[in-house]
Protein chains: 2
Amino acid sequence: MNTASSLKSRLTRAQKQIHCLLEQSGETLTAQAIYQRLKDQQQMLGLATVYRSLRSLQIKGLAQARALPNGEWAYGLTSDDSHYLTCLNCGTSVPVEDCPVHSLEEKLGQSSHFQIFYHTLEFFGLCAPCTGRLEAESP
Amino acid sequence: MNTASSLKSRLTRAQKQIHCLLEQSGETLTAQAIYQRLKDQQQMLGLATVYRSLRSLQIKGLAQARALPNGEWAYGLTSDDSHYLTCLNCGTSVPVEDCPVHSLEEKLGQSSHFQIFYHTLEFFGLCAPCTGRLEAESP
DNA sequence: ACTAATAATGATTATCATTCTCATTCTAGT
DNA sequence: ACTAGAATGAGAATGATAATCATTATTAGT
Ligand SMILES: [Mn+2]
Ligand SMILES: [Mn+2]
Ligand SMILES: [Zn+2]
Ligand SMILES: [Zn+2]
């Protein structure tokens, strides 16, 4: 049994609930959204427990987090490999299909002494409407 | 004159000071650190102005931000292309030398209607000491 | 240069996601 | 069943960032 699966071995009730919710949901969720959804499903967890469990799931290699432009974090499963292109002005976000970092990740996993669970890759710039608007304002 | 340089055209006093500080410093800095350094250099800016200017510099394509594990943001120049591998347990962070996303960034810039200024790429996992410690705790 | 309009700044306050505290409840092992 | 340690939850504390608004600097028109 390898390290990862041994770390995953035992999940607490809260960790199981959250892992399960992330699996069902398909999309990534903020901690607050997870808290709300569980409450709605009569599976209420304390907010502190939600945050604690998310950190544990990360350390166990099961969950990942990406920072949203507004300062919140979106959590998902590490099996999900998706990336976005986001407008710095209006926040519009579109998915990016390709991901060219897997071979690098593998290489790092061998050379760096780190056990790598996931990566984040995000692109930032201006969408077409915002580019137009900003050019008009500052000619 | 292209779009980017037209957007960069006029910088406010505060934006110039911060851009200059980021140029000198070489490293990335949090907003709070920028505030402190400018104060130390007798170039005091209000904290609100620091945040506003950083956002403007981003929209002008001059500055980039990456989220630190502790929830703060580190700001640098978009000309800086550096990435890190971070331990989810202890926060240890090591630089990653390679970056395999430039060709994708170029492709996206052409196909997506976005004007892309920068990207973030971060790896997360466990460092060797933490892997050992956690294995010992949960056998 | 003078003035009116507009933009930038800064002191302060408000926000709110996240973390901390600690008392209580659950769990595993004997 | 008993006990030690872990997990949980309610609520308070934290702290970075955003919003407010009065003041100051800059711009544009005359
Ligand atoms: Mn990927
Ligand atoms: Mn890069
Ligand atoms: Zn936009
Ligand atoms: Zn570590």
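Side chains are part of it too, since the values below use all heavy atoms of this structure and drop only hydrogens, waters and symmetry mates. Letters A, B, ... mirror the listed sequences (proteins, then strands); counts begin at 1. Just so you know, these numbers come straight off a predicted model, no measurement behind them.
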Checklist entry - A:Asn70 has an atom CG; how far is it from atom P of C:dA17, in whole Å? => result 8 Å
Checklist entry - C:dA8 phosphate, OP1 or OP2: any side-chain N/O from B:Thr49 under 4.0 angstrom? => result no
Next on the checklist: Applying a 4.0 Å non-hydrogen cut-off, can you work out what A:Gln32 is touching in the nucleic acid: base, sugar-phosphate, or nothing?
Outcome noted: base
Checklist entry - B:Tyr51 side chain N/O closer than 4.0 Å to the phosphate oxygens (OP1, OP2) of D:dT17? => result yes
Checklist entry - On DNA chain C, nearest-nucleotide positions of B:Arg52 versus A:Ala48: which is more 5'? => result B:Arg52
Item to check | Beyond-backbone contact of B:Trp73 with B:Gln32, side-chain heavy atoms, under 4.5 angstrom | outcome: no
Checklist outcome for this item: Heavy-atom nearest pair, A:Ser53 first then A:Ile18, reads CB-CD1, 3.6 Å
Checklist outcome for this item: When rounded to whole Å, the CG to P distance for the pair A:Leu68 and D:dT17 reads 15 Å
Item to check | Distance in angstrom units between A:Leu47 CG and C:dT21 P, rounded | outcome: 17 Å
Item to check | Below 4.0 Å: OP1/OP2 of D:dT8 and any side-chain N or O of A:Thr12 | outcome: yes
Next on the checklist: If I take atom CD in residue B:Glu72 and atom P in nucleotide D:dT17, what distance separates them, rounded to the nearest angstrom?
Outcome noted: 6 Å
Checklist entry - Between D:dA7 atom P and A:Gln17 atom CD, what is the distance in whole Å? => result 15 Å
Checklist entry - Nearest-Å distance, CG (B:Leu45) to C1' (C:dG10)? => result 9 Å
Checklist entry - Going by the angle between their ring planes, with limits at 30° and 60°, are B:Phe124 and A:Tyr118 parallel, tilted or perpendicular? => result parallel
Checklist entry - Picking from B:Gln64, B:His83, B:Arg66, what satisfies side chain to side chain contact (heavy atoms under 4.5 Å, CB included) with B:His119? => result B:His83
Checklist entry - Which of the following nucleotides, D:dA16, C:dT18, D:dT8, is nearest to the side chain of A:Trp73? => result C:dT18
Item to check | Nearest-angstrom distance from the residue atom CG of A:Leu54 to C1' of D:dA7 | outcome: 15 Å
Checklist entry - Between B:Thr30 and B:Arg13, which has a closest nucleotide on DNA chain D that is more 5'? => result B:Thr30
